[in-house]
> 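So that we are looking at the same thing, I have put the structure below in structure tokens.
Note: hydrogens, waters and symmetry copies are ignored here, and every other heavy atom, side chains too, is used.
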Amino acid sequence: MAAAGPAKTEVLSLFRAFLRTARQFSDYNIREYTRRRAADAFRENRALADAPAAAAAFADGKQQLEVAKRQVLVYSLYAPKAKSVVEMKIQ
């Protein structure tokens, strides 16, 4: 019996979890990189029609999400004191 690929709702839930995790980074550059990398990876794997390949990509995505969550914790411990120039508002 072949492994079934993840449901569309599971994939969308994983993508939203990536975006929520990316928002937790205090550093603008890391936050935007994480968001952009997640979007690129999901766009790249959008056309996977093979169920085992889709299941493998989904499992890899879940592992990457756990890594990102751990990195949020580490980056929060060593957050920069000043905001990035990009984040500063013009007064």
> For a side chain to side chain contact (heavy atoms under 4.5 Å, CB included) check, start with the C-alpha distance between D40 and E44, then their side-chain angles and the critical distance, and finish with the verdict.
CA-CA 6 Å; D40 290 346; E44 205 174 274; 5.6 Å; no
> At what distance, to the nearest 0.5 angstrom, does CZ of R23 lie from CZ of R35?
11.0 Å
> Measuring from atom OG of S76 to atom OH of Y78, what distance do you get when rounded to the nearest 0.5 angstrom?
10.0 Å
> Kindly state each residue pair satisfying salt bridge (Lys or Arg N to Asp or Glu O under 4.0 Å) with at least one member in residues 46-64, sequence neighbours excluded.
none
> Which value, rounded to the nearest 0.5 Å, describes the distance between F58 atom CZ and F42 atom CZ?
8.0 Å
> Could you see if V72 belongs to whatever hydrophobic cluster contains L65? Use Ile, Leu, Val, Met, Phe, Trp, Tyr and a side-chain cutoff under 4.5 Å.
no
> Ignoring hydrogens and angles, tell me if any N or O in the side chain of T21 forms a donor-acceptor pair with the backbone of A17 under 3.5 Å.
yes
> Going only through I, L, V, M, F, W and Y residues with side-chain contacts under 4.5 Å, is there a path from V11 to L19?
yes
> Atom CZ in R36, atom CZ in R43: separation rounded to 0.5 Å?
11.0 Å
> Indicate the atoms forming the closest heavy-atom contact of A57 with L48, along with that distance.
CB-CD1, 3.8 Å
> Under the rule for ring-ring contact (aromatic ring centres under 6.0 Å, His included), what residues qualify as partners of F25, not counting sequence neighbours?
Y75
> A side-chain contact here means heavy atoms from C-beta on lying under 4.5 Å apart; do R37 and F18 qualify?
no
